[in-house]
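For clarity, every value in this text was computed on a predicted model and none was experimentally measured. These values consider heavy atoms only, across backbone and side chains, with no hydrogens, waters or symmetry-generated copies.
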Amino acid sequence: MTEKTALTPATHTAPPAKFSHGVKKGNILQVAGQVGFLPAEEGKAPTPAGPTLREQTLQTFANVQAILEEGGATWDDVMMMRVYLTDVDHFAEMNQIYNEYFEEQGLKAPASARTTVYVGLPKGLLIEIDALAVLG
């Protein structure tokens, strides 16, 4: 039986509750919801990349990618992404940033499936993204 492995890149702080930033079991890798916090600095509270949706979205992608890489995956392995926005008015802008980002990544595989929903997040955070990857 394949063991479940927790993934926490050096760029991430320990989660604030009993969960993992990412979990891998066999060829399945689940990235927990990531937000736009800058890379962790010892002794410093997590800090958003900036006040704008663009800044936070790009940092969120970087945080998801760090976990994918920690688990041996790439964006091409991602089958499903879920995007959580705090403001319905950000949907069009987020889609533009999303499309630009993945065009720049030069993905070989078809685009992953995606769902977008509107939620409440801690004050100052505008977006959260999780991802499911299948390796091999």
Side-chain angles (χ1 to χ4, degrees):
M1 188 169 219
T2 307
E3 284 194 38
K4 184 167 65 171
T5 305
L7 304 171
T8 302
T11 54
H12 288 56
T13 59
K18 190 163 178 61
F19 68 88
S20 300
H21 286 294
V23 176
K24 183 177 177 184
K25 184 170 183 176
N27 68 338
I28 305 292
L29 191 164
Q30 175 66 55
V31 177
Q34 299 295 301
V35 295
F37 285 144
L38 293 168
E41 290 184 44
E42 193 170 331
K44 204 173 169 191
T47 307
T52 69
L53 182 64
R54 176 170 290 280
E55 291 167 311
Q56 289 191 27
T57 302
L58 294 176
Q59 185 62 51
T60 300
F61 283 140
N63 294 342
V64 170
Q65 184 173 353
I67 296 166
L68 290 171
E69 290 173 356
E70 185 82 8
T74 70
W75 287 115
D76 281 317
D77 298 311
V78 174
M79 299 295 293
M80 177 66 181
M81 291 178 58
R82 283 171 287 279
V83 177
Y84 307 91
L85 294 172
T86 60
D87 188 336
V88 68
D89 291 335
H90 287 161
F91 186 72
E93 181 183 359
M94 183 276 300
N95 273 336
Q96 180 181 355
I97 297 164
Y98 189 99
N99 289 340
E100 289 169 4
Y101 179 83
F102 286 108
E103 284 173 18
E104 290 172 9
Q105 297 302 307
L107 297 182
K108 297 174 190 149
S112 67
R114 190 187 94 193
T115 297
T116 303
V117 297
Y118 304 98
V119 299
L121 291 172
K123 185 176 169 91
L125 294 175
L126 305 173
I127 188 168
E128 181 174 342
I129 298 173
D130 71 37
L132 174 68
V134 178
L135 289 79

- Message: Using side-chain heavy atoms (C-beta onward) and a distance below 4.5 Å, is S20 in contact with T8?
- Response: no

- Interatomic distance, L68 atom CG to F61 atom CZ [nearest 0.5 angstrom]: 11.5 Å

- Message: Could you tell me if the side chain of D130 sits less than 4.5 Å from the side chain of Q30, heavy atoms only?
- Response: yes

- Query: Does any non-hydrogen side-chain atom of Y98 lie less than 4.5 Å from one of M81?
  - Reply: yes

- In terms of hydrophobic clustering (I, L, V, M, F, W, Y; side-chain heavy atoms under 4.5 Å; direct or indirect links), are I129 and W75 co-clustered? yes

- Message: Using modelled atom types and a 3.5 Å cut-off, is there a donor and acceptor pairing between side-chain atoms of Q34 and backbone atoms of A32?
- Response: yes

- Item | Any N63 side-chain heavy atom under 4.5 Å of V35 side chain | no

- Side chain of T60, backbone of G36: donor and acceptor closer than 3.5 Å? yes

- Message: Can you confirm whether L7 sits close enough to L29 that some side-chain heavy atom of one is under 4.5 Å from a side-chain heavy atom of the other?
- Response: yes

- Query: More than 12 foreign heavy atoms under 6.0 Å from CE of M79: is that the case here?
  - Reply: no

- Ignoring hydrogens and angles, state whether a donor on the side chain of E55 or Q59 is under 3.5 Å from an acceptor on the partner side chain. no

- Taking it one step at a time, do T115 and M80 satisfy side chain to side chain contact (heavy atoms under 4.5 Å, CB included)? CA-CA 8 Å; T115 297; M80 177 66 181; 3.0 Å; yes

- Of the non-hydrogen atoms in V78 and A131, which two are nearest, and what is the gap between them? CG1-CB, 4.2 Å

- Taken in chain and number order and not counting sequence neighbours, the residues that satisfy side-chain hydrogen bond (donor to acceptor under 3.5 Å, both in side chains) with R114 are N95, T116

- Task: Using the six-membered ring wherever Trp is involved, compare the ring planes of H21 and H12 and label them parallel, tilted or perpendicular (cut-offs 30° and 60°).
- Result: perpendicular

- Task: For residues M94 and L85, determine if any side-chain heavy atom of one lies less than 4.5 Å from a side-chain heavy atom of the other.
- Result: yes

- Would you indicate whether the side-chain heavy atoms of I28 and V134 approach each other to under 4.5 Å? yes

- Message: If I take atom CD from residue Q56 and atom NE2 from residue H90, how far apart are they, to the nearest 0.5 angstrom?
- Response: 9.0 Å

- Task: Could you tell me the separation between the CG atom of D89 and the OH atom of Y118, rounded to the nearest 0.5 Å?
- Result: 9.0 Å

- Enter the distance from T57:OG1 to E93:CD here, rounded to the nearest 0.5 Å. 7.5 Å

- Test item: I127 and V83 side chains (from C-beta on) under 4.5 Å apart, heavy atoms: yes

